[in-house]
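Down below is the structure, laid out as structure tokens.
Source: prediction; values computed, not measured. Order of appearance sets the numbers: ligands from 1, and atoms from 1 within every ligand. Numbers for residues simply follow the sequence, beginning at 1.
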Amino acid sequence: MADTDAAKEAKKFYQDVPMETPGFFLKGAASLDWGMKNRLSRIFNPQTGRTVMLAIDHGYFQGPTTGLERIDLTVVPLMYDADAVMLTRGILRTSVPPTLNKPIVMRCSGGPSILKELSNEELAVDIEDAIRMNVSAITLQVFIGGEFETRSVHNMTRLVDMGLRYGIPTMAVTAVGKDMVRDARYFRLACRICAELGAQIIKTYYVPKDFDTVTASCPVPIVMAGGKKIPVPDALTMAHNAVSQGAAGVDMGRNIFQSETPKAMMQAVRAVVHENMEPADAFDLYKSLTKDTDSQDPK
Ligand code: R5P
């Protein structure tokens with residue numbers, strides 16, 4: 001009979017006992033091959049075990065998103081402050097200088113636009129092109145509970161298989177449909193399915209209640225997606241809570257590139273993620289860096 005996860009009380013997540021990672025710093029990665037570990041070590045800082053990934057792939061289904069209208073002018077300068085950059089191959093080839101020595105996490109799914117059913121995705125990149133672009137990870141959306149759930153899960157398993165062939169980790173992004181409840185129970189389900197079926201990194205959303213059960217029950221690193229733009233102190237608090245509750249960093253987009261001073265926001269998020277800075281201190285840092293920044297407008 002299916003375990004419907006109805007009684008959380010009956011489950012034991014042992015949130016206070018970190019999973020052992022013999023011989024490697026990242027959860028669940030000890031048995032991976034050298035190339036895979038080397039790529040993961042470019043994305044995640046081996047000293048802190050965490051990453052600040054800049055997500056700028058939104059255009060693959062929603063076009064020129066606010067803040068991403070001109071990647072070349074306003075976003076490329078931000079990339080130098082990130083640990084890794086998540087983007088599409090089109091933006092990488094057209095707008096990012098190949099001298100950027102940052103690990104690339106390449107979006108490999110696509111199909112429907114915001115005008116259609118988003119879960120109806122297909123794989124949209126050949127693994128050979130990802131290798132040609134020297135990426136450090138490949139990524140796609142997984143729509144657990146979505147209309148095309150099985151298709152998106154199979155997209156993921158195919159991508160994982162291709163990545164394993166060449167030592168490239170796959171990051172599964174747990175997508176949330178319009179009418180879906182965003183709670184720990186749902187994200188435990190979605191993250192665990194993605195890890196069980198082979199993803200080496202999971203990107204998911206923060207939930208205020210029981211997020212530590214989401215990270216504890218997922219045997220691979222979780223990075224927190226930022227979600228829609230919220231006030232700076234709230235975004236810094238959310239990032240702080242996520243890493244305190246077991247996330248291995250963040251993969252943030254709108255809360256960085258839509259902020260008043262994205263470079264200052266990037267530094268504040270970095271302080272939270274890599275130095276465990278308290279949100280109030282990180283907000284002070286943001287304000288002081290913002291004061292020093294005349295304008296981020298290139299014109
Ligand atoms: C979906 O558009 C992408 O996977 C984004 O990379 C993801 O939503 C993270 O960006 P944000 O922090 O803006 O939610």
Practice prompt. Kindly indicate whether the side chain of Thr174, heavy atoms from C-beta on, has any atom under 4.5 Å from the side chain of Ile202.
Written response: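 Yes, side chains in contact.
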Worksheet entry | Basic-acidic side-chain contact under 4.0 Å: Asp72, Arg70 |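 Salt bridge present between Asp72 and Arg70.
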Worksheet item: Strictly by modelled atom types, are Arg39 and Ser41 linked by a side-chain donor-acceptor pair under 3.5 Å?
Response: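 Checked: Arg39/Ser41 side chains show no N/O donor-acceptor pair below 3.5 Å.
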Worksheet item: Do His274 and Asp83 have side-chain N/O donor and acceptor atoms under 3.5 Å apart?
Response: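 Yes, a side-chain donor-acceptor pair sits under 3.5 Å.
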Practice prompt. Report all protein residues having a heavy-atom distance below 4.0 Å to some atom of ligand 1; order the list by chain, then number.
Written response: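 Those residues closer than 4.0 Å to ligand 1 by some heavy atom are Ala55, Asp57, His58, Phe61, Met86, Arg107, Gln141, Lys203, Tyr205, Gly226, Gly227, Asp251, Met252, Gly253, Arg254.
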Discussion item. Asp129: which residues meet the side chain to side chain donor-acceptor pair (under 3.5 Å) condition with it, sequence neighbours left out?
Written reply: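 Asp129 satisfies side chain to side chain donor-acceptor pair (under 3.5 Å) with Arg89, Arg93, Arg132 once adjacent residues are dropped.
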Worksheet item: Would you say the ring centroid of His58 lies under 6.0 angstrom from that of Phe257?
Response: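 Centroid distance His58-Phe257: below 6.0 Å, so yes.
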